[in-house]
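Below you'll find the structure, written out as structure tokens, and then a few comments.
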Amino acid sequence: MKHFRKGLFVGAAISLLALTASAAVAETPKDQLVIGTSLAQVLSLDPQQATEGKANEIMCNLYDRLVLATPGGKIAPQLAESWAIDDKGITFKLREAAFASGNPVTSKDVVFSLTRLLKMNQAAAANLKRVGYNADNVEKLVTAPDERTVRIDLSGEVTPELLLYRLAMVTTSVVDSVEVEKHVKDNDFGNAWLRTNSAGSGPFTLNRWTPNEIVILDVNKDYVGGEPKMRRVVIRHVPESQVERLMLERGDIDIASALSASDLATFQNKQGFQIQRVPTGGFYVLSMNAENQYLSNPKVREAIAYGIDYAGIEKTIMGPYGRVRTVPVPENYEYAISSPDWHLDVERAKSLLAEAGFKDGFSLSLKTIAQTPRIDLATAIQASLAQIGIKVNIQQGNGSEIIAAHRARDFDLLIPQTGAYMPNVLGSMEQFSSNPDNSKEANNAGNFVWRSAWDIPELTKLTAKASLEPDAKKRGELYVEMQKMFVDLKPAVLPLFERYEPIVLNARVKDYVGHPNMTTRLEAVAKAEAE
């Protein structure tokens, strides 16, 4: 595991000097949208492989799905102009659309894409696998009766309503089967090519992606929904908050989405700028590896839950990024229960460690991506746990390193973040409460709980039951039971803060609406004339 590189600080310092050296205020072109953010977690732009939030924001503008979830959480048509639900499945009728290549979008492409997703069997397939779709049955359950009709039969483990939300995820994007099949090598499903190219029908195409540097999207003038207003979207990797703030103030970027709480505060009520605080339905999480000799003990996990200064961290670090919440369901969701009484209680935490047989404490490593606000969160957790006798060694790394360690169960503690695929208890909590096979042989790296080796058979069964319950009231009762059981088990995936995405925009930017699922579409975004 590599530690955070000094070179990043040096590069940031050089950039800062360059920014302050020039007196002239820049201005981005009227027909280009320039976004400053962290691209540390963008490891692939293949929609059937990548799952990270920033990758989703890029890919959702390159590809369309059968349906989409609106920012308000409703299912709406995208490539499907209509659909009909019966007791055995869903039949979709496709609109007339074309890929950027000029090839028509057909039912064959939809079947190809969903089959590709499940046969590649990477982390992106987790949400369909969780409800019974897999590489062995996909060709039977997903079919094309004719060129404009797609039929998806139910697996027996999901309701039609919940299946629609899963089909609205970026991982189910429809790719151009003709183009992708041209680039298949060694039975890789075209993955090596599609990681760095696009084959979609969305409003933009991929011009260039240089990892940890820049992404450039060009307009798809023939997009079925009408030509986007921006000719180009440029997404720049600016992980250092102070540099990003100065770039936004100077007009070098139009949108900033990786600012620290203190830099965000400078734009509060500042003329010429707007702030959006987008609720994601997800969480900043402390993942504990239950294979660890200490963390396998529920009393140790409970001691850690009582060993964190949630209120202090929220006030000094999280700010606009999150609010304290230790149940993996946003508190404003229907059927959400109250957070348990976990708060910083040093004596109680020490007593729990003693009961577990570790009164003298022990040492753990904590891995985190060197990214706002997670690195500051890691430092605060380190200080809190030191008070109860747990010495924490922080190991910082880039996105590929930390994500790989998480998926390989190669960590003691780790700070990931989650989202929600639909605005209800199941959409947010399912990834915390379902782990059908905890064995190493399962190698289910797409399962969030599996990564922490937390074996929860009863909670998994309860989650599956809720996924199939058609009656809303009974389903709500199951949601409450799921949350209570989660708390009682002293989770190895401990939610810390309900996660928000704070975004600062130059006031010239019009019709940019941050999406809770990190699937913000950009075709309607425009820029007003500079005054």
Side-chain angles (χ1 to χ4, degrees), residues 41-69 78-80 92 99-101 103 105-139 141-144 150 152 155 163-202 204-206 209 215 400 403-404 407 419 421 431 443-448 517-519:
Q41 293 189 73
V42 180
L43 311 180
S44 168
L45 292 177
D46 182 338
Q48 272 93 58
Q49 179 181 45
T51 59
E52 291 71 36
K54 292 299 176 183
N56 282 341
E57 287 191 321
I58 297 165
M59 294 184 298
C60 77
N61 285 284
L62 301 173
Y63 298 91
D64 285 343
R65 290 90 75 199
L66 284 171
V67 295
L68 61 84
Q78 198 165 63
L79 284 174
F92 297 89
F99 292 104
S101 66
N103 295 325
V105 177
T106 70
S107 55
K108 174 190 172 184
D109 298 296
V110 179
V111 172
F112 174 87
S113 301
L114 294 178
T115 302
R116 180 177 185 269
L117 170 66
L118 289 161
K119 287 189 177 292
M120 281 177 61
N121 196 27
Q122 299 204 22
N127 259 38
L128 283 180
K129 287 173 61 181
R130 191 177 283 123
V131 292
Y133 294 89
N134 55 55
D136 294 328
N137 66 20
V138 61
E139 290 170 304
L141 297 178
V142 182
T143 56
V150 176
I152 302 181
S155 64
L163 178 58
L164 284 170
Y165 276 102
R166 293 172 198 273
L167 293 173
M169 298 178 70
V170 175
T171 58
T172 66
S173 294
V174 178
V175 303
D176 185 337
S177 62
V178 175
E179 285 299 307
V180 174
E181 286 184 319
K182 290 178 184 177
H183 298 90
V184 173
K185 291 185 178 180
D186 300 321
N187 298 314
D188 75 340
F189 300 94
N191 172 245
W193 179 77
L194 205 56
R195 284 170 57 91
T196 56
N197 292 274
S198 64
S201 60
F204 295 90
T205 63
L206 181 63
W209 168 41
V215 175
S400 60
I403 292 169
R407 291 176 177 174
Y421 70 92
Q431 59 202 307
N443 194 28
N444 193 6
N447 185 290
F448 190 66
N517 296 352
M518 297 193 77
T519 54

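Everything quoted here is computed from the prediction, not taken from an experiment. Starting from 1, each residue takes its place in the sequence as its number.
Side-chain atoms of S198 do not come within 3.5 Å of backbone N or O of G200 as any donor-acceptor pair. In terms of modelled atom types and a separation under 3.5 Å, the side chain of Q49 and the main chain of L43 share no donor-acceptor contact. N134 places a side-chain N or O within 3.5 Å of a backbone atom of D136 that can act as its donor or acceptor partner.
Ionic pairing of E139 and K119 is present here: one or more N-O contacts between side-chain nitrogen and carboxylate oxygen are shorter than 4.0 angstrom.
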Could you walk me through whether V42 and W209 pass side chain to side chain contact (heavy atoms under 4.5 Å, CB included), step by step? CA-CA 10 Å; V42 180; W209 168 41; 3.8 Å; yes
Verdict with reasoning, L45 to N197, per side chain to side chain contact (heavy atoms under 4.5 Å, CB included): CA-CA 7 Å; L45 292 177; N197 292 274; over 6 Å; no
Are T519 and L68 close enough, and set up right, to give a side chain to side chain contact (heavy atoms under 4.5 Å, CB included), and what steps lead you there? CA-CA 9 Å; T519 54; L68 61 84; over 6 Å; no
Begin with the C-alpha distance, continue with both residues' side-chain angles, and end with the deciding distance and a verdict on side chain to side chain contact (heavy atoms under 4.5 Å, CB included) for E52 and S44. CA-CA 9 Å; E52 291 71 36; S44 168; over 6 Å; no
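Across C60 and V170, no two heavy atoms sit closer than the pair CB-CG2, 4.0 Å. Shown here for N61 and E57, the closest heavy-atom pair between the two residues is ND2-O, 2.9 Å. Residues D109 and V175 come closest through the heavy atom pair CB-O, 3.7 Å. Residues Y421 and M169 come closest through the heavy atom pair CB-SD, 3.8 Å. Contact between M120 and D46 at its shortest, heavy atoms only, is CE-OD2, 3.9 Å. Of all the heavy atoms in S107 and V150, the pair that sits closest is CB-CG2, 3.6 Å.
Residues Y133 and L114 form no side-chain contact, since every pair of their non-hydrogen atoms from C-beta on lies 4.5 Å or further apart. Taking 4.5 Å as the limit, every side-chain heavy atom of F99 sits out of range of all side-chain heavy atoms of V178. The closest side-chain heavy-atom distance from F92 to L79 is not below 4.5 Å. Within the 4.5 Å cutoff, side-chain heavy atoms of L66 are placed close to those of V110.
With values rounded to the nearest 0.5 angstrom, T171 atom OG1 is found 7.5 Å from Q48 atom CD. Here S173 contributes atom OG and Q78 contributes atom CD; the two are 8.0 Å apart, rounded to the nearest 0.5 Å. T172 OG1 to N127 CG: the interatomic distance, rounded to the nearest 0.5 Å, is 10.0 Å. Atom CE of M59 sits about 11.5 Å away from atom CG of L206, to the nearest 0.5 Å. Rounding to the nearest 0.5 Å places CG of N191 at 9.5 Å from OG1 of T196. Going from atom CG of L167 over to atom CG of L164 covers 6.0 Å, rounded to the nearest 0.5 Å.
Judged purely by distance below 3.5 Å, without hydrogens or angles, the side chains of N121 and K129 pair a donor atom with an acceptor atom. A side-chain donor from one of S101 and N103 sits under 3.5 Å from a side-chain acceptor of the other.
Residues meeting the ring pair (Phe, Tyr, Trp, His ring centres under 6.0 Å) test with F448, sequence neighbours left out: H406, F432. Residues passing the ring pair (Phe, Tyr, Trp, His ring centres under 6.0 Å) test with W193 are H183, sequence neighbours excluded.
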